[in-house]
Amino acid sequence: MTSQEAFESRGPSSAGSARQRFLVDVIEGLGAPRKTLSPKWFYDRAGSLLFDAICELPEYYVTRTELGIVKSHAREIVAHWGDRVRLVEPGAGSSTKTTLLLEELGPTRCSAYVPVDIAREHLAATAARLRTEIEWLRVLSAAADFTVELPLPPNDDNARTVVYFPGSTIGNFEPHDAERLLARFGRAAGKNGLVVLGVDLKKDPAILHAAYNDAQGVTGQFNKNVLARMNRELDANIDLGSFAHYAFYEPTHGRIEMHLVSRKRQMITIAGRRFHFREGESIRTEYSYKYDLPRSNTSRARLAFRWSTPGSTTTSTSRSSSFACTELPRLRRPLALSKSVAYGKRRFSSMHRTE
Ligand code: AVI
């Protein structure tokens, strides 16, 4: 077994233990007074393909807008990443946007690409596709839950580690968890490492609403895939038609909330356990936080938001496609936020270490 194969086949994300973790989470989440499920369980192979379909929807501006930023700024984005870089992408999915950056880096500067994803089968397909598309690319994929661990292969050539976290996946974490996650990425990037982030910005609620309630119903299918997955993997008996997809923008917290609402009073069975639902009772399946650009014009804030769609401002609610990419300095210790930039105000600059 080569070292690449050893890294790629490392445990503990075997199908058996993944099923066990899914089951434990489901039992805990559906047993709570307010039923919840972590959005990470959307992403089996079927869910990952549904998410790819969402990214193509006319209403879902997020991917298109970010891709636009990356396309027009690829050279500038990678310019000071260093001579030798290993690019680590937590939650890589189909790695669509990353290809542009990898190609911009080229074989001389790119030591390796490390896509990390919870959907093992989808990840293997992505890695295989990338190896054919970019012949020189060394792909070292890791099937792992990045909320728990970020496995990194040996850094043979002392390359600079850049943790690339696009797509506004950070929005799927509650603010305190987002802080912790970014601090962990910062530690994983290590000395001289970088964390590069893509975040979706607040905008007209009608635009946000449409993005999570598309006309073709793909987002609804994506949401219900978590129920379908319970039927497939956890021996559940859920009638998908008895739950409704419900997503809305909640302006107080600046987030989309996605729910599955029971259309009737019912009992479902999952791995032999029973769960009761009142008519209208919901399972909250996802938050998607939207951020503000920093209001201040300090040099730190400018550094934070190097690339954003032109005209994106904190006050603009008319832009349909605002999005920002930011680069965070290495976070040596957990973020110590100053009170004035607490997440209550969701000032994204607060993701910076305070000194
Ligand atoms: C992956 N994540 C950033 C998406 C989002 O927009 O929060 C997931 C998604 N949920 C519904 N549509 C897309």
Side-chain angles (χ1 to χ4, degrees), residues 36-67 69-70 89-98 115-119 122-123 126 145-147 164-175 177-178 181-182 185 196-203 205 207-229 243-250 253-261 282-291 320-326 346 348:
T36 59
L37 286 172
S38 163
K40 71 183 172 193
W41 302 117
F42 286 139
Y43 301 95
D44 61 352
R45 174 78 169 147
S48 303
L49 291 172
L50 281 166
F51 180 64
D52 284 351
I54 288 177
C55 295
E56 302 284 326
L57 290 170
E59 297 94 334
Y60 195 73
Y61 58 87
V62 179
T63 315
R64 234 180 353 267
T65 312
E66 189 180 46
L67 201 55
I69 294 178
V70 174
E89 185 175 356
S94 297
S95 304
T96 351
K97 290 158 287 233
T98 326
V116 180
D117 205 285
I118 196 167
H122 193 71
L123 180 72
T126 298
D145 176 356
F146 69 78
T147 64
Y164 179 53
F165 198 45
S168 204
T169 306
I170 194 69
N172 297 137
F173 292 83
E174 291 197 59
D177 290 331
L181 187 70
L182 290 179
F185 288 170
V196 178
L197 190 66
V199 286
D200 191 14
L201 302 178
K202 288 182 186 164
K203 54 184 63 65
I207 292 162
L208 288 165
H209 187 88
Y212 293 81
N213 290 281
D214 62 283
Q216 295 170 54
V218 184
T219 311
Q221 280 181 55
F222 172 72
N223 197 6
K224 287 188 182 187
N225 181 56
V226 74
L227 302 177
R229 190 176 176 188
F243 283 88
H245 163 72
Y246 183 54
F248 59 95
Y249 182 64
E250 201 278 272
H253 291 92
R255 68 189 179 204
I256 289 283
E257 290 196 15
M258 214 156 76
H259 293 256
L260 288 163
V261 181
S282 89
I283 310 171
R284 194 244 302 146
T285 49
E286 188 178 70
Y287 285 144
S288 193
Y289 281 84
K290 308 300 169 187
Y291 284 94
S320 63
S321 54
S322 50
F323 200 94
C325 290
T326 181
R346 290 173 305 286
F348 208 69

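In each ligand, atom 1 is the first atom listed, and ligand 1 is the first ligand listed.
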Aromatic contact, Phe165 with Phe146 (centres under 6.0 Å):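 Yes, they do, as the ring centres are separated by less than 6.0 Å.
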Tyr289 and Tyr291 aromatic ring geometry - parallel, tilted or perpendicular at 30°/60° bounds: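 Judged by the thresholds at 30° and 60°, the geometry between Tyr291 and Tyr289 is tilted.
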Under a 3.5 Å threshold, yes or no: a donor from one side chain and an acceptor from the other, between [X] and [Y]?
X      : Y      : value
His259 : Arg284 : no
Tyr61  : Asp200 : yes
Tyr164 : Thr98  : no

Identity and separation of the nearest protein heavy atom to atom 10 (N) of ligand 1: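 Scanning the protein heavy atoms, the shortest distance from atom 10 (N) of ligand 1 goes to Glu286 OE1, 2.7 Å.
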For ligand 1, the portion of Phe222 having any non-hydrogen atom under 4.0 Å away: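 Side chain only; the backbone of Phe222 stays clear of ligand 1.
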Ligand 1 contact on Asn172 by region, counting heavy-atom pairs under 4.0 Å: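 The answer is the side chain of Asn172.
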Ligand-residue contact atoms, ligand 1 with [X], heavy atoms, under 4.0 Å:
X      : answer
Tyr60  : 4 (C), 5 (C), 6 (O), 12 (N), 13 (C)
Phe51  : 1 (C), 4 (C), 8 (C), 13 (C)
Ser288 : 5 (C), 6 (O), 7 (O)
Thr169 : 3 (C)
Ser168 : 3 (C)
Tyr43  : 1 (C), 8 (C)

Name of the residue among Thr219, Asn225, Asp44 meeting side-chain contact (heavy atoms from CB on, under 4.5 Å) with Leu50: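 In the set Thr219, Asn225, Asp44, the residue that makes a side-chain contact (heavy atoms from CB on, under 4.5 Å) with Leu50 is Asn225.
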Min heavy-atom dist Gly167 to ligand 1 below 4.0 Å: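 Within the 4.0 Å threshold, so yes.
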Short N or O distance, Tyr212 and ligand 1, threshold 3.5 Å exclusive: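 Right, the criterion is met.
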NZ on Lys224 to CG on Leu227, rounded to 0.5 Å: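 So the gap between those two atoms works out to 8.0 Å.
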Carboxylate-amine/guanidinium contact Lys97 Glu66, below 4.0 Å: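 A salt bridge is present here (some side-chain N lies under 4.0 Å from a carboxylate O).
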